[in-house]
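Order of the sequence lines sets the chain letters (A, B, ...), proteins ahead of strands, with each chain counted from 1. Because the structure is predicted, anything quoted here is derived from the model rather than measured.
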Amino acid sequence: MRNSERTKVKHLLESGVAGTDVTAMGWVRTKRGNKSVSFIALNDGSTINNIQVVLDMNVFTEDQLKDITTGACIGVRGKLVESPGSGQRVEIQGSYIELFGAADATTYPLQKKGHSMEFLREIAHLRPRTNTFGAVLRMRHAMAFAIHKYFNERGFFYIHTPIITSSDAEGAGAMFRVTTLDVDNLPRTEEGQINWAEDFFGKEASLTVSGQLEGELAAMALSEIYTFGPTFRAENSNTPRHLAEFWMIEPEMAFYDIQDNMDLAEDFLKYLIRYALENCKDDLEFLNSMYDKELIDRLKFVVENKFERLPYTKAIEILEKVDQKWEFPVFWGADLQSEHERYLVEKHFKKPVILTDYPKDIKAFYMKQNDDGKTVRAMDVLFPKIGEIIGGSQREEIYDKLISRIHELHIPEKDVWWYLETRKFGSAPHSGFGLGFERLLLFVTGMGNIRDVIPFPRTPKNCEF
RNA sequence: UCCUCAUUAGCUCAGUUGGUUAGAGCACCUGACUGUUAAUCAGGGGGUCCUAGGUUCAAGUCCUAGAUGAGGAGCCA
């Protein structure tokens with residue numbers, strides 16, 4: 001039995017013609033029946049739906065079917081027929097079965113019944129075989145594809161920024177060190193310091209926390225670019241919204257000001273959500289019915305309504321007027337805590353909010369300074385349930401302003417000389433932002449924990465599989 | 001990293017004021033059933049009560065420390 005004769009389950013269910021001979025291959029979800037007839041629910045991952053295989057026990061013996069248990073992998077030849085039962089349009093009247101791989105019923109961990117997300121994380125090697133993770137992984141693919149499609153259709157170029165870097169100029173968080181030194185016998189300088197000159201790159205190196213700075217270099221030549229790659233943060237974050245290894249999309253656009261940047265971010269997010277609604281119907285309906293009854297309505301709401309845009313200063317004014325005890329005080333200059341962001345998004349505006357023009361002291365050095373001398377052209381897109389899904393800004397393109405900010409923050413000039421040169425030679429106003437891919441997936445799938453929208457989550461104390 | 005909670009059968013959980021042989025549902029195994037839809041019905045097997053100390057005549061239950069997991073906070077995408 002070969003793949004060349006196989007038809008995918010999705011195709012059989014949607015457009016298979018009754019009366020034709022077909023071959024299906026996949027993994028057994030359940031088997032049930034009696035002495036005269038057996039039913040197998042078969043899934044090959046092409047869709048969340050199973051094809052029902054019906055076996056006449058006058059044709060098959062009990063012994064032939066004893067290894068066809070939940071989790072086993074089989075191939076089936078038979079005739080596609082209209083199903084007399086409710087629940088499926090067509091089914092396969094099986095005439096021949098090949099067992100590719102049995103799954104011992106007493107030790108196979110996945111059952112027909114639901115499992116907790118915590119348990120499934122412990123068997124991440126098998127959880128793609130569940131309905132939930134099948135749905136999540138198909139949607140993860142659909143979103144990745146839609147991201148490339150969106151940018152490609154708009155003339156953005158996909159840039160591969162380095163994974164290994166020697167600069168922490170981004171300041172986006174603690175970094176994972178990359179070294180080939182023998183940690184049991186580190187080379188020392190005469191002063192007793194670790195001698196990084198002997199390391200692989202001849203200097204300290206780490207995994208990237210952002211491709212933005214390199215992305216800007218490309219935007220200063222190709223106008224509109226984006227990156228889409230893995231990102232690493234060694235923060236000891238234990239929350240349902242953080243991963244040590246996650247994927248990030250970072251567009252960077254020459255000639256865009258902060259307004260253009262916001263327009264792009266809003267259009268981009270709506271495009272992706274609309275893409276999910278139009279292309280992931282079955283999976284969304286499953287997730288909607290099993291985990292989050294308001295999921296589809298929430299996605300439609302975001303697509304159909306304009307995001308609220310307001311400057312940080314206005315947000316502070318709103319929060320100061322609210323008659324509510326904050327755990328963290330609200331005053332101009334304070335960074336907004338999640339309780340404040342949640343209030344704005346979930347209670348006050350009841351829709352996505354883009355906050356702009358934050359105090360410069362709570363934002364990164366590269367952000368475009370406003371004329372008031374106090375604020376920078378930052379923008380954070382805040383989503384219900386997720387919080388910050390996008391962080392971005394217009395970048396400071398004026399050399400003198402950028403260098404003075406670098407000095408203020410004591411960033412070593414030698415680490416960012418190449419970045420500064422873009423402001424020396426043909427500088428241009430430009431903007432960009434970072435979208436957390438898994439945070440997008442949290443929103444689009446309605447899952448509650450970011451560890452359940454990535455195949456193999458890396459978090460503090462967890463690097464299994 | 002801080003705060004809170006949890007850890008008992010393969011899974012999800014119950015277990016009273018500390019008291020005799022630790023239970024249920026599902027899963028699994030056996031049997032019944034001529035079309036099932038998380039099939040149903042009957043029976044059966046299955047336990048390092050997270051780990052290490054401690055209190056006590058007696059600990060799944062109380063105390064201490066640790067491990068792991070979850071929720072909230074911080075950091076951020």
Going by modelled atom types, is there a donor-acceptor pair between the base of C76(B) and the side chain of S237(A) at under 3.5 Å?
no
Answer with base, sugar-phosphate or nothing: what part of the nucleic acid does E91(A) contact at a heavy-atom distance below 4.0 Å?
base
Round to a whole Å and report the spacing from CG of N462(A) to P of A67(B).
16 Å
P-based separation of U61(B) from C49(B) [nearest Å]:
10 Å
Residue pair E408(A) / F365(A), side-chain heavy-atom distance below 4.5 Å
no
Keeping the roles fixed (side chain from D282(A), backbone from E285(A)), state whether a donor-acceptor pair exists under 3.5 Å.
no
Do R154(A) and Y271(A) form a cation-pi contact, if we require the NZ or CZ to be under 6.0 Å from the six-membered ring centre and within 45 degrees of the ring's axis?
yes
Heavy atoms under 4.0 Å, any strand shown: does F119(A) hit a base, just sugar-phosphate, or nothing?
sugar-phosphate
Pick the P atom in G44(B) and in C3(B), then give their distance to the nearest Å.
49 Å
Taking the ring centre of each residue, are F151(A) and F268(A) less than 6.0 Å apart?
yes
When all nucleic acid strands are considered with a 4.0 Å heavy-atom cut-off, which category describes N50(A): base, sugar-phosphate, or nothing?
nothing
Answer yes or no: side-chain N or O of R241(A) and base N or O of C75(B) forming a donor-acceptor pair under 3.5 Å.
no
When the P atoms of G66(B) and A39(B) are considered, how many whole Å apart are they?
46 Å
Span that lies between the C1' atom of U55(B) and that of G45(B), in whole angstrom
38 Å
Do the side-chain N and O atoms of D44(A) and S46(A) include a donor-acceptor pair separated by under 3.5 angstrom?
yes
When the C1' atoms of G74(B) and U17(B) are compared, how many Å lie between them, rounded to an integer?
42 Å
Base, sugar-phosphate or nothing for L440(A)? Non-hydrogen atoms, less than 4.0 Å.
nothing
Inter-nucleotide C1' distance (U8(B), A14(B)), Å rounded:
10 Å
Side-chain donor/acceptor of N34(A) to base of U36(B), under 3.5 Å
no
Please report, rounded to the nearest Å, how far the P atom of U40(B) is from the NZ atom of K31(A).
16 Å
Nearest to side-chain heavy atoms of K35(A), which nucleotide of A73(B), G35(B), C33(B)
C33(B)
Tell me the interatomic distance from F176(A), atom CZ, to C75(B), atom P, rounded to whole angstroms.
19 Å
For Q111(A), answer base if it contacts any base atom (sugar-phosphate contacts may also be present), sugar-phosphate if it contacts only those atoms, and nothing otherwise; contact means non-hydrogen atoms under 4.0 Å.
base
Sugar-phosphate, base or nothing in reach of Q88(A), heavy atoms under 4.0 Å
base
Classify T70(A) by what it touches in the nucleic acid, base, sugar-phosphate, or nothing, heavy-atom distance under 4.0 Å.
nothing
Side-chain-base donor-acceptor pair under 3.5 Å for Q52(A) and U36(B)
yes
Sticking with atom C1', work out how far U21(B) lies from A58(B), rounded to a whole angstrom.
16 Å
With a non-hydrogen cut-off below 4.0 angstrom, is F437(A) in contact with a base, only sugar-phosphate, or nothing?
nothing
May I ask you to say what G87(A) touches in the nucleic acid, namely base, sugar-phosphate or nothing, with a heavy-atom cut-off under 4.0 Å?
nothing
Determine, using ring centers only, whether Y158(A) and F228(A) are less than 6.0 Å apart.
no
For S38(A), which contact category applies under a 4.0 Å heavy-atom criterion: base, sugar-phosphate, or nothing?
nothing
Gap in Å between the two P atoms, one belonging to C50(B) and one to C13(B), rounded:
14 Å
Looking at C76(B), does its base get a donor-acceptor pair with the side chain of H242(A) below 3.5 Å?
yes
Nearest to the side chain of E327(A) - A73(B), G69(B), U36(B)?
A73(B)
